[in-house]
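If you're wondering where the values come from, they're calculated on a predicted model, not measured in any experiment. Index from 1, following the sequence.
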Amino acid sequence: MSKVQFELDGKMVEAAPGESIWQVAKREGTEIPHLCYSPEPDYRADGNCRACMVEIEGERVLAASCKRTPTVGMKVKSASERAKSARKMVMELLVADQPARETSHDPDSKFWNWADKVEVSESRFPAAERWSGDHSHPAMSVNLDSCIQCGLCVRACREVQVNDVIGMAYRNHDSKIVFDFDDPMGESTCVACGECVQACPTGALMPSSLLDEQQITRTVYADKKVDSLCPFCGVGCQVTYQVKDEKIVYAEGRDGPANHNRLCVKGRFGYDYIHHPHRITKPLIRLPNAKKDAMDQVDPANPFTHFREATWEEALDVAAKGLVKIRDEKGVKALAGFGSAKGSNEEAYLFQKLVRTGFGSNNVDHCTRLCHASSVAALMEGVNSGAVSAPFSAALDAEVVIIIGANPTVNHPVAATFFKNAAKKGTKLIVMDPRKQVLSRHAYKHLQFKPGSDVAMLNGILHTIINEDLTDKQYIAGYTEGFEELKVKIQEFPPEKMEKICGIPAETLKEVARLYAKAKSSIIFWGMGISQHIHGTDNSRCLIALALITGQIGRPGTGLHPLRGQNNVQGASDAGLIPMLLPDYQPVGRADLRGAFEKLWDQDLDPKPGLTVVEIMNAIHAGTITGMYIEGENPAMSDPDLQHAREALAKLEHLVVQDLFVTETAFHADVILPASAFAEKVGTFTNTDRRVQLARQVVKPPGDARQDLWIIQEIANRMGCGWTYSGPADVFNEMAQLMPSLNNITWERLEREGAVTYPVDDPHKPGNEIIFTTGFPTASGRAKIVPAHVTPPDEVPDADYPMVLSTGRVLEHWHTGSMTRRADVLDSIEPEATAFMSPKDMRRLKIWPGDFIRLETRRGAIEVKVRSDRDVPENMVFMPFCYAEAAANLLTNPALDPYGKIPEFKFCAARVEKIDIRTAAE
């Protein structure tokens, strides 16, 4: 479509197809008031406030410029007396119904700023009767006496975030904004994403943190704003932090490539953990008489028990000397390190370099071992890349989207908004999971298969695609190998046979197979419901095979995307926090690849793979590992069979922990080094889309806490490394010399652009969001198809343990809870541990919501409140693992996938019994 030429205020201008008069005016530098339209982000124009009226020559009435698109030859006057008079009258009518500016909820709101610009400070008209406030939510205040019914909050909730909580109810002058069925906001189904607060132009919806104690008047105004990133999940949302007196007071989304201004409850309201009184602000050394006992736990009232404060010089000397002593006396294999997916790429790189050069072995790992290790193992085997092939926003280009073993509205809420947006556009969303979820109501199909039967279900789908000749023969011939072996093997798994194993009707499996294969574009997203099994690698092999045999990869709207859990698990893996791989997934056993590292680092490296997370814990029990350095990880909460893990930590001769708080892991340390939080550092982070983004320092670390990069380098130099990095830019530049994925990405470019997706073909071109367009980075250029076998879980229910326990997350808390449970709003919404059970099971066991149950597996038992949840299937218990007082991982099975070495968190046999609440309290 060609551009439209028209006249704006006497000047000939051009409008792009679909562009409104308001948008053209803004581009031309002409300012037109607007209240019900939000161009940044680009909400759908509604035209109901009439604040943007313009005059069009030859038309009897004025037009709303946000809605009206120009036509050829149209003559528009944005500043005629008629237009200005109408806009001023609109503003005066709106001011009449507002509280006086000096007592308004936000006197600096968009509304009052526009009132100033059109020169309206008071109104001649009588005020209408208004509604009382609602302060029932811990994060947000509802002040409907300021509401102008612009509808932005409705569009924010229903069209952008697609949470469908806010609506307009009642009629005529009684009409108003409501939550659900006119419930108090705090009792509604609101998920506290805060999109409505960010959209509201008047202060009718406000973050509570900016208001006075009565939640009425704004009393907090930031003295600076800093653009950075969200510290939580792998989505990588860009955030602007508002700071007052070196404290973050509010966070709002900005227009980053991953979030387009959107945030979730954690990103918007979970920032204050860094100001918690439990922050470690000085180095701590264990007291001489404070023995380590695996049964002891952190005292929430006094977490610093058993430790004394020390100077940095003393703490670093004690920390390093203990590690050196073990290395020199017992050998390099007696030491191990856990790096962090919460830290920057530069920290991850330096940490693995310290273990490989200072410790002398490859005994280094991090939380990817507990989340997507099996996915990476299958991807490396199949396509020689551990990264996603397309961003999650590619769902908007897909005809069919499969989401399997993932609960994005909980774990990746902003990514989930794109999936919901796609479904509203007509994309067929197919959710596969033993539990139902919020996305299920947006889905074309929900395949609620039996827990642990993923491979059976997926093989049934593969069988249909192959036997009904729905494969892409040309793609298979040109870009894959191993198809003939799969074609033979898959005959063992007809849908009719798999139906009995997975519980999904054969006809449903066939329908899904046809939908996926026949669509012009299909994409698969998966999470830890796929990876955290002993057959996790086989699960991923099936998904890879689905994409390869149908050619659903390498094009817009197609691909494979394992959704990353932590904010930098992709970057930490890229940077080499993996025991069998150097940075950029280069095997430690390959002398030709290892040579570049040895030359730059000026040291011979161990060619043998190191131990993984669970293997390291076993090695401590065996007495072969006696010293550890743990940066930002919390294995005393995240490992399976926690009692075994905690006993291992307590048994260590020397444990150095670098963290923000005395976590359950730090509690067992000999030395605790106070680290810097996400908002207190500069560094790069790589999100789930392969997007390398620069985080900027927002506030200073508290007290004597130091930058993680500085701490790692100080330990390294006390172990003889002799490093001289002046900051993260120096480290990044070294990484770029050894990591081909960073080709054409420089520190200066990141400072300039903020975010760059790898791989990048040219320093002046954007990165490639979609990869594998012309083949794969394998020796042959082809991807390998690997058949998968149907393998039962390691531990299946029996008469003694008749139910299945599965673990995961809740929306408000993240990972082990060390951060989010110290965030006031998040912990106010979900303050205590609960187990989720189906109503049928609860009736059968005569359990009521709020009762205490004893949840037991072969590894231990916990006592916890129970919550009724219709999304949980019968004979399953779901338990979040973030609550230290009822740690779910005391119960989970440490059995490992043989390829990815990942524990089976998602399945173990369990039993439930109701207990008397008084017994539980005792």
side-chain hydrogen bond (donor to acceptor under 3.5 Å, both in side chains) between Thr409 and Asn407: does it pass, once the steps are laid out?
-> CA-CA 6 Å; Thr409 53; Asn407 190 352; 3.3 Å; yes
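- Of the inter-residue distances, the one linking Asn687 atom CG with Gln238 atom CD reads 9.5 Å to the nearest 0.5 angstrom.
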Under the side-chain contact (heavy atoms from CB on, under 4.5 Å) rule, what do Arg262 and Val160 come out as? Steps first, then yes or no, please.
-> CA-CA 8 Å; Arg262 309 172 193 193; Val160 178; 3.5 Å; yes
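- With no hydrogens or angles considered, no side-chain donor-acceptor pair links Asp174 and Asn172 at under 3.5 Å.
- One finds no salt bridge joining Glu159 and Lys424 here, because no Lys/Arg side-chain nitrogen approaches an Asp/Glu carboxylate oxygen to under 4.0 Å.
- A salt bridge links Glu59 to Arg68: at least one charged side-chain nitrogen sits closer than 4.0 Å to a carboxylate oxygen.
- At a cut-off of 3.5 Å, with distance as the only test, no side-chain donor of Arg130 or Gln98 sits close to an acceptor on the other residue.
- For the atom pair CG of Leu229 and OH of Tyr241, the computed distance is 7.5 Å after rounding to the nearest 0.5 Å.
- For Phe685 and Phe678, the distance between ring centers is under 6.0 angstrom.
- Using a 4.0 Å cut-off between charged nitrogen and carboxylate oxygen, Arg101 and Asp116 count as a salt-bridge pair.
- Ser65 has its side chain out of reach of Ser20: every pair of non-hydrogen atoms, C-beta onward, lies at least 4.5 Å apart.
- Salt bridge status for Lys11 with Glu28: present, with a side-chain N to carboxylate O gap under 4.0 Å.
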